[in-house]
Structures are given as structure tokens and as C-alpha cells.
Amino acid sequence: MRSDVGHVLVATDWFVLAYFFAINSGYLALIALAAIEFVRHGRLQGALGYDDTFVNPLAPPVSIILPTYNEQAGIVTSVAAMLALRYPEFEVVVVLDGCTDDSFSVLERAFDLIEMPCVVVEQIPTRVPPTAKFVAAGAAPLVVITKENSGRADAINVGINASRYPLVCMVDADSILDPEALLHVAQPFMDDPERVIATGGVIRAANGCRIRHGRIMEVRMPRPWIARIQVMEYLRAFLLGRTGWSRLGSLLIISGAFGLFRKDLVIEVGGLDPTCIGEDAELVVRLHKAMRQARRPYRVVFVAEPVSWTEVPETARVLARQRRRWARGLAEVLWRHRSMIGNPRYGRIGLLAMPYFVVFEYLAPFIQIAGLAAVAVALALGAINVVFGVVFLLVALGYGLLVSIAALVIEELSFHRYARWRDLAIAVAAATLENFGYRQLTALWQLQGTWAALRRKRAVWGEMTRTGFTLEAPADLAPSGGGRGE
Amino acid sequence: MTAAVDLVEAMAALVAFLLVLVVAARFARLVRARQRDARIAPLRQELLAMIASEDLAALEGFRRLAPARWRLFEPSVLSLTAKLRGESQRALITLCCELGTLERALSASRSARAARRAVAAEALGTIGTNEAVTRLSMLARDRSAFVRAAAVRALGRSGRSAGVGPLIAALEPGSGVPHRFVAQALLRLGEPSAPGLIAALGHPHSEVRERAAEILGLLGTRSAVPALLQACGSDVARALRLHALRALGRLGAPQAFSVLCEAAEHGEDEDLRRLAVQALGRLGHLGAVPILAAVVATGPDRLAAIAAESLVALKAPGEAALSELATSACGPAQLHAKAALVFAHRGERAGAPAGSELKAFS
Amino acid sequence: MSLILVADDDRDIRDLVAFKLSNAGHEVVAVEDGPSALGALADRLVEVAILDVSMPGMSGFDVCRSMRSEARTASIPVLLLTAKAQEADVQTGFAYGADDYIVKPFSPRELLSRVEAVLARSRR
């Protein structure tokens, strides 16, 4: 009896060991792919023609959709910064999603808004119609729409219905965009106009950076370790992971904090789904699905240049909520589109990207936590020896550290945004510390999120939408006017 | 046990190796940048002062620069040259040619590495001599998409009419160059592109015809009007008519009035009518007022909104028609008319001028 | 001898314009973004402002507009410096109250003569 349990434990431990090995190797492979991409890109610096795009009268005009909920402190800075982006022709559509604070009046004062009769052509069905529409006096291409609260996804849909231009850019009000951001993410639409249907920009952590007038002036590491670890995490997962997926032609997630889409296709697939928590990822999966089903050639491209910066949570409480929400969103997206998983009809998406997400993202927290427990129990019972325990730790944590440092090498060779030597040391320390507590805690939070998704599968979808958005920009982290940063 | 120790050691060694790599990469980059700055900064000051004082004879000093030092300086000179026009630009180009920049770019343009060829194309475009343009027209058919795009942009910046032919060839489907880059290059070349583009309205490929019409509209060449009017004929393919209508509107050609009215009233689809309605607004012919007013009153939503904007563009008579609609019409037509009027007068409101808040940040 | 403000985020252009204008006997304040341009305008008695349209933080259009909205700076002539030469952009510039427009790439000599023309007009 005792030995049976021992066998099962040993088998479990070997399985978990192999799993950790595979997950880290997968990351390393994505990072290698990203490295190839960056080397190619780096050599072309100076021959990419962004300045040309800036003055090209034929560059496709963009409508920036900015849904916002009670962010009066930072809204004027955000909008002013977006209006000052470098791009030939664009408009900013701010959707006030039932704000109960002074968002509207601060915008009205800053931009001298005047009311327009509101004629809505409902190209995407929405839950709530706009209550009023305003434009800026003067030539600033700003439209402000007010409506009753119905959640971020629905607010974006309302914004899309009110937008004029063929490309729509979805941004978060608390994102800080690089002045060149639109030029960078629109470039793939210029390079390959027939096929590119969506592009996503990289998200980096704004904490600790020197910020003036809604612009990043100097990139620095944040102070709290919890944010420092996230900087490394974002580097590894968002920058390199997504660049790798994009190179494989299987990018599944475009972050809601900065993505550019062809409006006609977004309308065709019905816009964002307000019943879904991970609405941005869900839209991209739905676009993949529609294009594959119609057998139309298409590309979803990730743009690696640092273009969008966001405040990451600095307290465990807020971080926990964010991670639960992410996990829940992922679980819902995978569940909703489960028919695509492993389905050869959807090509690389069905056979590679979706299964990867199921095995290495969706199941990861289960295996991580169960695995740790199994190893601990096995060690205690003497079913495995100390050598196995050490090897296990190495593969699970040491290999993870190796992957993080590899990511750091690539960042240093390509963008090298963290200019100070001490930031480099902090990055290495953060990558090490990440293994002791942080990884395990985030796994636990993800598990909770996934559990919530499982339990509520048949529950009313809509109820979570509002919390979703406030979670992303809790009051204590929201940008606070001109006083932020300095 | 030893196996585990070995593994620990191997892992630690790998991590240490990567750490050394990060530090070495940063150190090398910083040293290189500092060296370059130290060697270039005085040259840059000298060059800028010379250009500013138009003491172009003083460029003589640069001719005696050590080749290695010049090569370090070369990218800065090229990027400065691209920002200038007139005599100072010509002087810099001469200097570059004399110091071998042109030859180096020409030989780099035959490199096996696409990135070198693309960078060379940019340099050739800045220099813009006959040889450079000839080479660029070959690079526009390079096997790498990046090089082709760079060559097309460079042809546009070269300012040489010899670039028109290769650029129009690059409009053909299958040339593998995004058409917006080609269009921009042709627009940069300006008036000299017009004859080639007008001829391209009769090109065997429909895509070339459509894009030529589009570019002619942006170029603002009045001599293109007869050819574009022909391209609006009812026997012409729909896509070309669309582009030709838009181009005529952009050109503001009075001869196009009747064609545009016809298309605005009876165009067979909404896109065609929309373009015609927009074009009528730009044309400025007051005869369009009743036609546009009718579109506002009866047209489908998006078309009606655009017709209202076009009426605003027709100044007082257009606005009078809108005011009439705003009071007498009902439903969406009234809203469109009101919206257009509010938008037209948005700048006239008294009170705090917009932007006052922006100042608060400074 | 006049005090001229140059605001452009491109260092080459900023330095070149500064050299050119100081050679012609003017005093130059060079800044690299919109907010600093407004700061300089508040601190000194600028006689002409040369503004790049696309600058980080605040565009030349915005600087121009906020100059026009304040009595002290409302009558300072503004030259916009831009890479965008489309008709619509030129119109926007004038709508914001600019006095003249210089398209990049530019000729330093032409820039100087335009600056002096604007100066002469404003003194009349």
C-alpha cells in the first residue's frame, strides 16, 4: 500500500518535472524566435520609414477609442497626450461610460466641448445608446460621447459606431502612449495592406518612470519589488512571448491597453463581446476564427517597439484581483472557442496556439501548485531522494531564472530602455526573487480565477463587466493630472 | 548525486554567462557611443556653423578628414542633408560624392545582406545623382520587400524625374511594394510625375489605372482633368470611376460639376454617391446646393451626414439650405443638418478659449 | 536684433536654425518641446516664434493656439515648421493663428528671409 502511493507520487513528480521543463523550454523557444525578429529589425533601423509614414497623405486614418470610467484625475492629460500623437490623420473618441465623477466637466473645460446632435448608425449592436455627443471647439479632432454605464466592451462598441475612420485603435485611459505609437502600430497596415487585420503594441510598466505631460521622459525601474518583478514578467511574457507568437503567425492576444484593428472586420464579427471578461483576447480569437472559416488570407501582427506604458499594481491585493481576472478571462475565451482547440480547420491557431494556451497557461497554475505539493509530500515520505528534489527545483525555478535572464539579454541588445546600471542589477535581482513566492502566489490567484470561471459558467455574464474595468485602474493607481511622476 | 551537482553547475554557468553577456553588451554599446559622440560633436558644430553662414568654401576642410573619421560622421551628414533644401543641400551632396559616400552606398547596395541594401537605398535617395537613381530603380525590384520599400521611398526623396518611370512600374500588382509608399514617392516628385500618371490612366492593369487616378487627385495637377473626366464615363469600371471622382473633387475642377451631380443623384451605390457628394463640397459650385440638400433630406444616414458637411463647405448658400432643413425637415435629416451647422460654427463660441487648460501643465 | 524662439524636437534643425538666426544678428532661445516653448514665452519678450508642428508633449498647433489666447503673446508672429505639406494642414495652421508656414526639408536662407519678412510686418 505504502509503496503504491510512493509509485504514484514518483510518477507524478516526474510528470511535473517534465511539465516544468517543457513550459520553460517553450518560453525559451519563443524568446529565440523573438531574438531572430529583433536582429532583423535592428539592422533595418533607419530604413523603416516612420518619418515617411508620418507625412504620407494616404496613411489610413485612425479613430482612437478611449473608454473611461471615473478617471477625472488623469483624463485631460491622457486625452491631450493622445491628441499630440504623431500621425497624419486621426481622431480621439472618448466614451464616458456612465461616469459619476467630474470627468465630463474637466474635459469640457479643457477642450471647450460643444454639444452636437447625435445621430448614431448602429453598426455594432450595443446595450446602451449614447446619451449625447460633443466635439471640441477649434480644430482638435476630439469627440466625447456620454452614455449610461454598460461596461468597457460595450463602451468601445459605442465608440466604434461613432468613429469616422477605417482603423480603430482601442486604448485604456490610463495608458501612456509613446508619441510615435500610432506610427509604429500602423506600419504593418502600410507594409501589407491586403492582409494585416490587427496589430497589437507592447505594454510596459510605467511605475517608477519619470513622466511629464503624459509622456515617458525617462525609463526607470519602480521602487516596490512587487512592481519590479512585474517589469521582468512583462518583458518576458508580453514583449518576447508575443513577438515569438507573432512570428509564428499565431498571435492570440492583443492587449486591450493598445491594439489597432480594421474597423470593417470588427463590425463584421459583431464588435467586442460585453458578456466576456477577456473581451480583447476574445475579439482576436473571434477574428482568427472568422478569417480561417472564410479562408481569407490575413495576418495579426505584434509590434515590439515600446509604445504603451501602464501602471502595474503595487499591492498584492490589487495584483491578486488583476491576476484572477486575467485567468478568468482566459478560461472563458478558451471555453467559448473550445471547438477550435486541436481543430486542423483553424491551422496553427487550432493546432498550436490554442493547445499551448490550454496546456501551458490554463493548466499551469494547477500543475504548478499540485506539483509543488506532490514533491513536498514525496520528499517527506522519502519516496524521492534529495537529488530529485534539487533537480526539480532547478528545472522549475533555475530554468525559469535562465529564461528571464535570456529575455534581459535580448532587451539589452535591442531596445535597452533601462539606461541606468543599477536598474540592470535590480532586474537581475527581481528575476531571482520572482521564484521565491511571487510565482507561487500568482499561480494561486490564477487558480482562483479559473475556479471562478468554472463555477460561474452558467451564471449571468454581464455582472462582472464593470468591476473588470475599475480593477484595471484602481483609484490609488490612476494617473493624477500633471502631478504624476514629478 | 554527482549528476545533480553537475546540473546545478551547468545551470549556474549558463546564468553567469548570460549575465556577463548583458553587462558586456551594455558596456560595449556605451563605450562605442561615447567615442562616436566625442569624435563627431566638433565636426557637427563646424558643419552646422558653415551651413548657417553659407560659407560653403569652408567645406574644403572636411575633404581632408581621415576616411575613418568621415565614415563615422557620414550617417549624421546624410541625415542632415535629407532635412535641407537648396544650395546648402547641394553643397553637402557634392561633399558626400567627393568623399566616396556615393561609391560606398553603391557597393553596399549590392551586398548580400538585405539590411545593408536597404540602408544603402536610403543614402542613395539622399544623394540623388543620376547613378544613384539608376541603381535605386533596380533596387525597387529587389528580392527583399524591405529593400524594395526603402528604394521606392528613396526614389521619392531623390527629387529626380528619372524616378517616375520605375515608380509607376512599381504600382503594378505583383511589384511587391505597398502602393501607399509608391504614391507618396510620386507625390514627393511633384509635377514631373503628372505626364507619366496621366498616361498610366490607360495602363493595362486596372490597379495601376485606379492608383494613378488617386495620386493625380492628390498631386493637384489641373492638366489631368480631361483624362480624369474620361475615366468617370459610365462605360468605365466602377473602381476607377470611384477614384477618378474623388480625384476630380480634390482638384476642384469646375468641368467636373455635371459628372459629379449625376453621380451624387443617381450613382449606383452608396460609395460612389458618397465620393461624389464629398467632391461637390470641395468643388465650391453653388449649383450643387439643391442636390446636396436633397441628399440630406432623403439619403441613407452616412451619406446624408456627408452631404450636410459638403453643404457647410459651400458657405452661406449651403448653410442657408441647412438651416431650412434644420427647421422644416424631420427625423434624421433634421439632426444631420443641425449637427453640420453646430460643427461648422464650433470655433465661434465665446468664453474660455480652448487650450487654456493645457497651459496649466507647463 | 530680435529675440526669436525656436521649438523643434529635432536637434539638427534646432541647432541649424539657431546658428542661422544668430549669424544674422538675432538672439535665439531654442527649446525642444511645446511646454518649454510656453515657458520661454512667459519668461522672455520673444518677437517671433518658430514652432515645429509635431513635438512631444504638445504640438506646435497647440502652442500657437494657447499663445493666441493670452493677451501678452497674442500678437507675437508665429512661423510653423512642418514636414506635412498637405493643403489641409496648412489651413489648420492658419486657423490656429500662424503667420507663415515653412515646409521641411527647408532652406536655411529661405527661413531667414521669411523670419525677417514677418518681423518687418509686425513692426509696421
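Just so you know, these numbers come straight off a predicted model, no measurement behind them. Quick note on labels: first sequence line is chain A, next is B, and so on, each numbered from 1.
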Check each atom of [X] against the heavy atoms of chain B and say whether the ones under 4.5 Å are side chain, backbone, both or neither.
| X | result |
| --- | --- |
| Ala419(A) | backbone |
| Phe189(A) | backbone |
| Leu402(A) | both |
| Tyr399(A) | both |
| Val409(A) | both |

Exercise. Without hydrogens or angle criteria, can the side chains of Glu74(B) and Thr101(B) be said to hold a donor-acceptor pair below 3.5 Å?
Worked result: yes
Problem set entry | Pair Glu434(A) + Arg236(A), salt bridge at N-O below 4.0 Å | yes
Exercise. Got a salt bridge between Asp192(A) and Arg195(A), using NZ or NE/NH1/NH2 to carboxylate O under 4.0 Å?
Worked result: yes
Atom group of [X] that falls short of 4.5 Å from chain A, counting heavy atoms:
| X | answer |
| --- | --- |
| Phe17(B) | neither |
| Ile215(B) | neither |
| Leu21(B) | side chain |
| Val177(B) | neither |

Exercise. Counting heavy-atom pairs under 4.5 Å to chain B, which of Leu408(A), Leu413(A), Leu424(A), Val391(A) comes out on top?
Worked result: Leu424(A)
For this session: Using the six-membered ring wherever Trp is involved, compare the ring planes of Phe392(A) and Phe20(A) and label them parallel, tilted or perpendicular (cut-offs 30° and 60°).
Result: perpendicular
Top of [options] for chain A proximity - count of heavy-atom pairs under 4.5 angstrom:
| options | answer |
| --- | --- |
| Arg157(B), Gln334(B), His336(B) | His336(B) |
| Arg188(B), His179(B), Arg302(B), Gln184(B) | Gln184(B) |
| Glu214(B), Lys338(B), Met11(B) | Met11(B) |

Problem set entry | Val77(B) and Thr81(B): CA distance, side-chain angles, deciding distance, side-chain contact (heavy atoms from CB on, under 4.5 Å) verdict | CA-CA 6 Å; Val77(B) 178; Thr81(B) 310; 4.0 Å; yes
Problem set entry | Trace of the side-chain contact (heavy atoms from CB on, under 4.5 Å) decision for Arg282(B) with Arg246(B) | CA-CA 10 Å; Arg282(B) 296 193 179 178; Arg246(B) 185 159 56 183; 5.6 Å; no
Exercise. Any donor and acceptor pair, going by atom type alone, linking the side chain of Asn161(A) with main-chain N or O of Ile124(A) inside 3.5 Å?
Worked result: yes
For this session: May I ask you to decide if Leu186(B)'s main-chain N or O and Ser193(B)'s side chain share a donor-acceptor pair within less than 3.5 Å?
Result: yes
Exercise. Between Phe134(A) and Phe111(A), is the gap from one ring center to the other below 6.0 Å?
Worked result: no
